[in-house]
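Predicted model only: the values in this text are computed from it and were never measured. By convention here, the first residue in the shown sequence is residue 1.
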Amino acid sequence: MDSQPSSFLQERKLHRLRCSVKSYDWGRRGNNSGVARLFALNSGSEIQPDEPYAEFWMGTHESGPSFVVPTAGEIGLPGVSLKSWISDNRDVLGDKVLDEWGSDLPFLFKVLSVAKALSIQAHPHKELARALHKARPDMYKDDNHKPEMALAVTEFEALCGFISLEELKGVLLNVPEIVELVSSADVNQILHLNDQDGEEKVKSVLRSTFTQLMLASKEMITEVISKIKSRLHKESQVRQLTDKELLVLQLEKQYPADVGVISAFFFNHVKLNPGEALYLGANEPHAYLSGECVECMATSDNVVRAGLTPKYRDVETLCSMLTYKQGMPEILKGVPLNSYVMRYLPPFDEFEVDRCILPRGASTVFPAVPGPSIFMVMVGEGTIHAGSSKGDVITEGDVLFAPANTEISITSASELQLYRAGVNSRFFQAS
């Protein structure tokens with residue numbers, strides 16, 4: 001019988017990662033940012049008090065790569081990216097992952113600290129991603145799709161998907177200023193639509209109305225927002241404003257005279273409690289608003305933006321690509337794997353996320369799976385073992401790569417909160 005390659009024993013152990021940070025304007029600043037704390041602990045760097053720390057990236061995407069930290073006795077690893085290390089040690093992915101996605105991680109893992117609204121955006125499906133990347137590689141960095149999931153760490157708010165037909169009728173009746181930006185024919189058609197008219201007819205009129213709004217002139221947008229703001233301030237003297245109206249006023253302070261302020265009336269306002277998750281397929285409009293979350297997605301950085309942003313806007317592409325599905329998105333509560341671990345399974349092959357909260361002195365086991373995993377410690381400390389290996393101490397800010405087919409056991413020294421990203425287990429069951 002052939003002996004295992006010399007790298008086999010190495011592959012079955014955990015590898016610590018040094019990860020990347022993104023300082024976008026919407027991020028929480030300095031010590032108010034969970035991302036800042038994780039990055040400082042992970043990299044050994046100091047937190048800059050005025051810097052907006054927005055996203056902590058864990059994975060192989062070249063826009064924010066992770067690097068393998070050498071352990072005692074390993075030579076030549078400093079500065080080696082996780083992507084190139086995996087390329088040289090492809091067995092760590094497992095056969096099924098390698099066959100499906102090649103020698104790269106199919107998922108990108110992040111933590112977000114959101115102080116103010118992100119852009120109104122959507123992520124293209126694979127065919128559109130390829131076309132956009134070919135046409136504008138400076139703007140669209142890769143040719144992959146980007147389904148994603150946000151798992152709330154704190155209370156977390158987002159705009160996501162279009163409101164129902166009945167709610168849309170209410171908006172057109174109660175926000176008369178919007179009618180100045182779209183055709184009266186479309187408005188009348190929406191007001192007279194009913195559920196018997198069929199989904200495609202409703203989508204067609206919604207697409208027309210939303211596109212007119214998003215393409216309205218800057219002067220018209222500025223004027224209409226001013227009217228909405230003035231009316232709501234007056235009405236707040238005599239009645240309690242709705243959550244959506246209060247949100248619109250808040251967005252106007254963050255992004256004055258921005259079309260995204262008005263478009264918020266068209267979207268569902270979703271509020272997640274810690275431990276709840278929201279997933280987003282291709283071509284679904286959304287904007288994260290506030291809070292901290294763990295996020296996982298296919299390995300891509302493709303974003304088509306149309307509002308609430310100083311960045312490049314591709315309004316016509318966004319309006320043409322959206323699905324125009326209506327109604328509230330599904331909120332995932334997680335499936336308990338044991339007393340300490342909840343699993344979040346979106347309907348995408350590339351990823352799943354486990355949330356583990358271990359009380360002091362407790363232990364749990366993550367069984368070996370046929371694909372790779374990334375573990376990230378958010379709070380506390382403990383000990384982690386790969387198979388029968390000697391345990392390593394882990395503390396907050398630690399990020400570790402676990403190869404395929406590696407059983408992981410964890411014991412906490414204080415209350416320990418950690419997250420695991422891996423390939424969706426349904427992918428292995430189906431294949």
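In this structure, Ser43 contributes its side chain and Phe39 its backbone to a donor-acceptor pair below 3.5 Å. Not one N or O on the side chain of Asp186 forms a donor-acceptor pair closer than 3.5 Å with the backbone of Ser183. Looking at Ser119, its side chain never comes within 3.5 Å of a backbone N or O of Leu308 through a donor-acceptor pair. Remark: side-chain polar atoms of Ser230 are not paired, donor with acceptor, to backbone N or O of Lys227 under 3.5 angstrom. Using modelled atom types, no side-chain atom of Ser290 and backbone atom of Val114 make a donor-acceptor pair closer than 3.5 Å. In this structure, Asn338 contributes its side chain and Val341 its backbone to a donor-acceptor pair below 3.5 Å. Under the 3.5 Å distance criterion, the side-chain polar atoms of Glu352 are matched with a main-chain donor or acceptor of Ser425. Side-chain atoms of Asn268 do not come within 3.5 Å of backbone N or O of Val270 as any donor-acceptor pair. Without hydrogens or angle criteria, Ser20 side chain to Pro65 main chain gives a donor-acceptor distance under 3.5 Å. Side-chain atoms of Gln254 come within 3.5 Å of backbone N or O of Ala117 as a donor-acceptor pair.
Counted within 6.0 Å of CG on Asp95, heavy atoms from surrounding residues, nucleotides or ligands total 12 or fewer; the atom is thus considered open. The environment of CZ in Arg360 is sparse: at most 12 heavy-atom neighbours from other residues, nucleotides or ligands sit within 6.0 Å. Counting heavy atoms of neighbouring residues, nucleotides and ligands inside a 6.0 Å radius, atom CG of Asn31 does not exceed 12 of them. Heavy atoms from other residues, nucleotides or ligands lying under 6.0 Å from CD of Glu316 number 12 at most. Counted within 6.0 Å of NZ on Lys218, heavy atoms from surrounding residues, nucleotides or ligands total more than 12; the atom is thus considered enclosed.
Minimum interatomic distance between Thr364 and Cys356 (heavy atoms only, all atoms of both residues): CG2-SG, 4.0 Å. The two residues Glu245 and Thr242 make their nearest non-hydrogen contact at OE1-N, 2.9 Å. The two residues Leu246 and Gln240 have their closest heavy-atom pair at CD1-NE2, 4.2 Å. Leu318 and Ala122 make their closest contact through CD1-N, 3.6 Å (heavy atoms, listed as atom of the first residue, atom of the second, distance). Annotation for Pro285 and Phe162: closest pair CG-CE1, 3.7 Å, computed over non-hydrogen atoms. The two residues Asn42 and Cys19 make their nearest non-hydrogen contact at OD1-N, 2.9 Å.
Applying the ring-ring contact (aromatic ring centres under 6.0 Å, His included) test to Tyr312 and every residue at least two apart in sequence or in another chain returns nothing. Residues meeting the salt bridge (charged side-chain N to carboxylate O under 4.0 Å, His left out) test with Arg313, sequence neighbours left out: Asp258. Residues satisfying the salt bridge (charged side-chain N to carboxylate O under 4.0 Å, His left out) test with Glu235, not counting sequence neighbours, are Arg231, Arg239. By the ring-ring contact (aromatic ring centres under 6.0 Å, His included) test, Tyr255 is found to be paired with no residue, residues two or more places apart in sequence or in another chain being considered. Under the salt bridge (charged side-chain N to carboxylate O under 4.0 Å, His left out) criterion, Lys271 pairs with Asp243, not counting sequence neighbours. Evaluation of the salt bridge (charged side-chain N to carboxylate O under 4.0 Å, His left out) rule for Arg29 yields Asp25 as partners, not counting sequence neighbours. Listed by chain and number, the residues in a ring-ring contact (aromatic ring centres under 6.0 Å, His included) with His286 are His123, Tyr288 (sequence neighbours excluded). In this view, Ser373 and Val369, Phe375, Ala402, Arg420 satisfy the side-chain contact (heavy atoms from CB on, under 4.5 Å) rule, not counting sequence neighbours. Partners of Phe351 under the ring-ring contact (aromatic ring centres under 6.0 Å, His included) rule, at least two apart in sequence or in another chain, are Phe348.
Aromatic rings of Trp85 and Phe401 (six-membered ring for Trp) have centroids within the 6.0 Å cut-off, being under it.
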For this session: Apply side-chain hydrogen bond (donor to acceptor under 3.5 Å, both in side chains) to Asn283 and Thr323, showing your working.
Result: CA-CA 6 Å; Asn283 303 341; Thr323 65; over 6 Å; no
For this session: Check step by step if side chain to side chain contact (heavy atoms under 4.5 Å, CB included) holds for Val377 and Tyr419.
Result: CA-CA 7 Å; Val377 183; Tyr419 294 82; over 6 Å; no
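Side-chain polar atoms of Ser84 and Ser81 form a donor-acceptor pair below 3.5 angstrom. Under 3.5 Å, the side chains of Gln212 and Ser208 contain a donor-acceptor pair of N or O atoms. In summary, the side chains of Glu292 and Ser113 do present a donor paired with an acceptor at a separation below 3.5 Å, with no hydrogens or angles considered.
The closest side-chain heavy-atom distance from Tyr324 to Val205 is not below 4.5 Å. Residues Met378 and Val153 are in side-chain contact: their nearest non-hydrogen atoms beyond the backbone lie under 4.5 Å apart. Looking only at side-chain heavy atoms (C-beta outward), Thr406 and Phe366 stay at 4.5 Å or farther from each other. At a threshold of 4.5 Å between non-hydrogen side-chain atoms, the residues Pro346 and Asn424 count as touching. With contacts defined as side-chain heavy-atom distances shorter than 4.5 Å, the pair Lys22/Ser63 qualifies.
Atom CG in Leu418 sits 6.5 Å away from atom CG in Leu358 (nearest 0.5 Å). In this structure, NE2 in His61 is found 14.5 Å from CZ in Phe107, a value given to the nearest 0.5 Å. Distance check, rounded to the nearest 0.5 Å: CG of Leu105 to NZ of Lys83 gives 9.0 Å. To the nearest 0.5 Å, the span separating CE on Met58 from CG on Leu400 amounts to 11.5 Å. To the nearest 0.5 angstrom, Arg343 atom CZ is 6.0 Å from Leu345 atom CG. Here the CD atom belonging to Glu55 is positioned 15.0 Å from the OH atom belonging to Tyr53, to the nearest 0.5 angstrom.
Residue Met214 forms a side-chain contact (heavy atoms from CB on, under 4.5 Å) with just one option from Val315, Thr209, Leu181, and that option is Val315. When the options Leu17, Ile394, Leu38, Asp398 are evaluated for a side-chain contact (heavy atoms from CB on, under 4.5 Å) with Met376, the one that passes is Leu38.
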List, one per line, each side-chain donor-acceptor pair under 3.5 Å for residues 325-333, sequence neighbours excluded.
from	atom 1	to	atom 2	distance (Å)
Gln326	NE2	Ile163	O	3.0
Glu330	OE1	Tyr279	OH	2.7
Lys333	NZ	Glu276	OE2	2.5

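Geometrically, Lys244 does not engage Phe267 in a cation-pi contact, judged by NZ or CZ lying under 6.0 Å from the ring centre and within 45° of the ring axis.
A ring-ring contact (aromatic ring centres under 6.0 Å, His included) check over residues 214-246, counting only residues at least two apart or in different chains, returns nothing. Every pair passing side chain to side chain donor-acceptor pair (under 3.5 Å) that includes a residue from residues 162-171 is listed here, sequence neighbours excluded: Ser164-Glu167.
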